[in-house]
Amino acid sequence: MEHIRMPKVENVRLLDRLSSRKAALGTLYLTATHVIFVENVSETRKETWVLHSQISSIEKQATTATGCPLLIRCKNFQVIQLVIPQERDCHDVYISLIRLTRPDKEEREQGWKLVDLNEEYNRMGIPNNYWQISDVNRDYGVCDSYPTEVYVPKSATAHIIVGSSKFRSRRRFPALSYYCKDNNASICRSSQPLSGFSARCLEDEQMLQAIRKANPGSDFIYVVDTRPKLNAMANRAAGKGYENEDNYSNIKFQFIGIENIHVMRNSLQKMLEVCELKSPSMSDFLWGLENSGWLKHIKAIMDAGIFIAKAVAEEGVSVLVHCSDGWDRTAQVCSVASLLLDPYYRTMKGFMVLIEKDWVSFGHKFNHRYGNLDGDPKEISPVIDQFIECVWQLMEQFPCAFEFNERFLIHIQHHIYSCQFGNFLCNSQKERRELKIQERTYSLWAHLWKNRADYLNPLYRSDHSQTQGTLHPQMAPCNFLYKFWSGMYNRFEKGLHPRQSITDYLMAVKEETQQLEEELEVLGERLANLQKSQLNGNKVKSKQQDRNKQPGLSTSSNSLANTPQEYSNDLKSFPSRSPSQGDEDDSALILTQDNLKSSDPDLSANSDQESGVEDLSCRSPSGGGCLPSEDSGKDSDEAVYLAV
Amino acid sequence: MKVGDAEDNSNGQELSLSRGVQRSGGHYCALFAPRDPCLHPEVPTCTRRSVPATQPEQPRGSCRQQVPVAGKLHRGSAATGTTMEFSELIKTATVESVLLSCAGLPAVKGTLCITSHHLLLSSCPGGDAQPGTVELWLLIRNVDAVEKRVQNLGWYQPPGTNGSPLDTRLAGSSGTITLRCKDLKVLQLEIPGMEECLNIASSIEALSSVDSVMMMYPFFYRPQSLRLEEGWHLFPLERHFQQIASQTSQWRLSHVNQDFTTCPTYPPSVIVPAAVDDDTLRKAARFRHGGRFPILSYYHPKNGTVMLRSSQPLTGPNRKRCREDEMLLGTVLDKGERGFIIDTRSAQAAKQARMTGGGTEPKSSYPQWRRLHRPLERGRPLQESFMKLVEACNDTSATMDRWLSRLESCRWLSHVKAALSTACLAAQCMDREEATVLVHGAEGTDTTLLVTALAQVILDPSCRTLRGFLGLLEREWIEAGHPFHLRCARSASSHARPKQEAPLFLLFLDCVWQLSRQFPFSLEFSERLLLTLFDNAYASAYGTFLCNNEKERCLCKVKENTHSLWAWLNQPEERTKYLNPLYSHNPLVIWPSVEPQSIQLWQGLFFRWIRSSQHLDEAWAEIQRLVESKDPHAKEGVGKRLSRSLSDPAAQTENER
């Protein structure tokens, strides 16, 4: 948070109101959400936490000999009296707290403007001769889980749309998700038709016809039902189902068997059980992973996305995607296909837009799926988690194609559940508008954007071949390409991860190179000025230049030499490490996962304490440190490097 | 068709093994042109390349002389005695219009030719409609299995041709040969004419199973850029010993095995406790399987602990003892000190070994030593695991679920995990417990070396440099008597019943790869070195991995008559190809995670020929670019740019703005 002028002040005294002699000496921390005071007494390290919103007034009192007193009054009648040694520090804390306790309206509003879907459709080249914005859903009158602004083919009149919506589950009529400027092919999405065994709807047939006509280069469209055929057939008995090729002119119908949310929920559960196994053997792990079926499901989603991307990019054919209600599998598949097709979505900003477009605006039920309020446990399912994993799997296959890194995905996943930002609250745009979410919460995207330096993929270059055009993941045989994502599912078991992070190292290298270049540029400018002002600048030039080079070189070699050592010292002292140790060397380049985590302020507001404790609790291989004692095999090292 | 033509065509382009190789100028001479240096040309790899690729320093004429070419391509220059013997095995030396296909590459048609050591294919010789030469240059030793299928049908149309009726063989018969190579590549040859097909197949089979070491390619291979004696004495044990002697006087270099009589599988010199004389060693050797008495494997400079290795003691059913062996192990430990014996067999297997004369050190006779059993797979089961894995990797029909269960059932990753865990245990005993360690299994030539070598990579930063790693291989695998000739005779695809084959060296390389993945900055060498080592262990132009031990190498005069792989790798321009751009010296122990989540299948090896690694290669190129932009040379470049911009008026105005 930019409002924090002073994140940490040492030697602060917390006065006891009853006896001023019992003042506790400690350190004051300001975070984005809390004021934290930690006592210095090493055994207890007692902590006092105050939420910013609890603060009712802050008062700076006259400086005394011992320091500058600061009085914080809280709405719960707590009064905290602090004495900060330096007047200047006290002032900074005061100013920071004033800002932090009063939310900034302008900043919040700006944040919500970062992602603008109309702008996004304009970027795609819409409205144009074939597509237009429709206000048919103005007051959510046609479909309450759709956004107010929906893009539809120009030839689809309000009559057709409304008619079609009546023939679709939850009235989710076909609407545009992605449009490919180059060949007019599009991806549309809807819910299943209410076809039952024989029902037809003229308007719905016209709607699909209109979508086909919006792509003059092709004489048919694909209708992709992302469900397994059996599920779709079962729906027919309930008066729902799928399109009959005979009733719709010029469609090619295709099933892609992605399982429903209940299967996915169970699959994740099974996989997490495997992750939790105590010292599993390789076989236990692989068996468990296989039995969970998780990677099979990921592959099914990817295959669907690949199919659609291929139809659009290579065949130039438009695709209508649906599942049952068109808000889970459809969202997954459309967004994977868009990601493959359009390099824009592989940038940081584009990815935010993609989630807003295919997930948030089209009514993915965030509250239900992620259990944000006490809801039906049967509604909970890791739908967007699977999408995020698909992105990661693609990142593994195309390391240079994405502007963002793994951490970006992990933080998005975290905030989908955190409810700290407003983006993922509620089930639809309608609900969000009713609750005035944008006026009462902040947008995650602004927060991530502000910290974008942390989320950059050092290998990304806008002129790299992998960032151009459509991505073509290998199709067959490609089972082995799908890997277990321990960075996500064993995220907090740091011992499992590579001990040295290539991403962070390269980021540091890149940053340093850039700094040097900038330095050079500045010096070059100065030199140029010098040259202008001095007639015989030749000597000066060469001297200056020598000097220029020196500082650059020395700083670089220093940091390079330091990094691995810092890292490994850390490793060496692992078993006997004290909780705070890992966080003190913040001068070091961030290389270890430990540091990574603690450097992220909002994933755990109290990260300083938390990560230290975790280091102790989740120690892996080199821990123990006891003697392997007997032939009997009851050694402590058994648990550590146990064979089989 | 002159040999020099390739050079004339040179335009500095180097293409290899990639799709869409530029085809221009079809010449036989391409067969003799240097192979693509990127793929380690002197190593038997299947290389397709375009003619223009040239590397003037490369041995050109020498290749021609040294490859005894038979048949049509035989230029007379290689008419030596051995060629005659080989030519008896070659039933058909050349066949025209052979269609070669290989996963991930377009099929090419050309003339196939068998020489005594190579299989060559040159496309469209002498001005066909399609100009260009795409070349196969395959060391026949690299062929693991030959599968043949013959058709006797007039209308047969070979798959891979695009249905043009002209392609249909009118001759009435043809055959397909599938070559499964030891480096796991699979090649298909469509050969017109049944008889030719069968002849070619049996020639390849015969040539690839020549078992005589002296007949192998390294004895014929003479690259111009290297001298024969180069690289054979890069890592003398004396120097290794001196390093140890500078820190402790408890060890001495013994030449007790000078004539290989004490232990036929040990090198002439070994490092032993200073307090033990050669006579005691000879007696102790008689109590150890194959004479492999305990010797020093690694001295840990950090705390002065040591790792020894040996073979099993010959305790036998009568619980025999050997005073000299007990003394040898006793002197290693001070009074009150404890040592650990890491037995790479299960306790039960070790006990059973007594029935056949082997066994373990009983506690009563070795009171200061504690045994730890860590069973590691070896022999047949390990070979079968390798075969099953390769089969699963090549099976394109498997679904996601079946893939994981097959990965599980082949158990390869379990072996990787077990090997790493055991090595970590040994390392932990030394580094953490400051205890002496003795490692042995049964024979002491397989899992023992796997553990001792791996533990050193984990413990010792000097083994993680390129030079140090090659030194480690020399010391702990080659001189230590890992029977490469027996273990690597056949790879994963062979149909022959495995006898002595087992991929222990591959398992070691895989474990090192796992370390490199977990510690991407700590190893100086890259994955490419590991792949090259794997390829060369199974089929090589160099003598480094020939024979089973130093004694055999002496008898075959390997060091006098073949080139050393190390010499090749040590050439400056080669060396840089095997370096890890991210390397930065890490003086500490690298403790890997051995949890299943942390152990991954080595895709770079097992899927090398199956999936395209283009995107990953691009990523490495990008990493290289980023890192290089940081190094001082690059910065000097920036400095130059600055000075240039100063003299450049356009840049100046830019600055003024």
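Values below: all heavy atoms of this structure, side chains included; hydrogens, waters and symmetry mates excluded. We name chains A, B, ... by the order of the sequence lines, and we start the count at 1 in each one.
For a residue to count as touching a neighbouring chain, one of its non-hydrogen atoms must lie under 4.5 Å from one of that chain's; by this rule B:Phe606 does not touch chain A. When heavy atoms are compared at a cutoff of 4.5 Å, A:Thr513 approaches chain B solely by way of its side chain, counted from C-beta outward. With a threshold of 4.5 angstrom between heavy atoms, B:Glu377 does not approach chain A through any atom at all.
Looking at residues two or more places apart in sequence or on another chain, you find a side-chain hydrogen bond (donor to acceptor under 3.5 Å, both in side chains) between A:Asn490 and A:Glu493, B:Gln597. For B:Tyr583, there are no side-chain hydrogen bond (donor to acceptor under 3.5 Å, both in side chains) partners at least two apart in sequence or on another chain.
Put simply, the side chain of B:Leu616 reaches to within 4.5 Å of the side chain of A:Pro399, judged on heavy atoms.
To the nearest 0.5 Å, atoms CD1 (B:Ile623) and SG (A:Cys400) are separated by 8.0 Å. We find the NE2-CD distance between A:His472 and B:Gln614 to be 10.5 Å, quoted to the nearest 0.5 Å. Here the straight-line distance linking atom CG of B:Leu407 with atom CE of A:Met282 works out to 7.0 Å at 0.5 Å rounding. Once rounded to the nearest 0.5 Å, the distance linking CZ of B:Phe521 with CD1 of A:Ile502 reads 6.0 Å. A distance of 9.5 Å separates CD of B:Glu622 from OG of A:Ser465, quoted to the nearest 0.5 Å.
Nearest heavy-atom pair, B:Ser414 versus A:Ser283, reported as atom, atom and distance to 0.1 Å: OG-OG, 3.9 Å. When all heavy atoms of B:Glu595 and A:Pro280 are compared, the closest pair comes out as OE1-CD, 3.9 Å. Listed here is the closest heavy atom pair of B:Leu626 and A:Lys510: CD2-CG, 3.6 Å.
For the set A:Trp287, A:Phe484, A:Tyr489, the count of heavy-atom pairs under 4.5 angstrom toward chain B peaks at A:Trp287. Contact tally against chain A (heavy-atom pairs below 4.5 Å) for B:Glu618, B:Gln603, B:His415, B:Arg517: the top residue is B:Glu618.
Judged by distance alone, with hydrogens and angles left aside, the side-chain atoms of A:Glu290 form no donor-acceptor pair with the main-chain N or O of B:Leu404 at under 3.5 Å. Side-chain atoms of A:Gln466 come within 3.5 Å of backbone N or O of B:His615 as a donor-acceptor pair.
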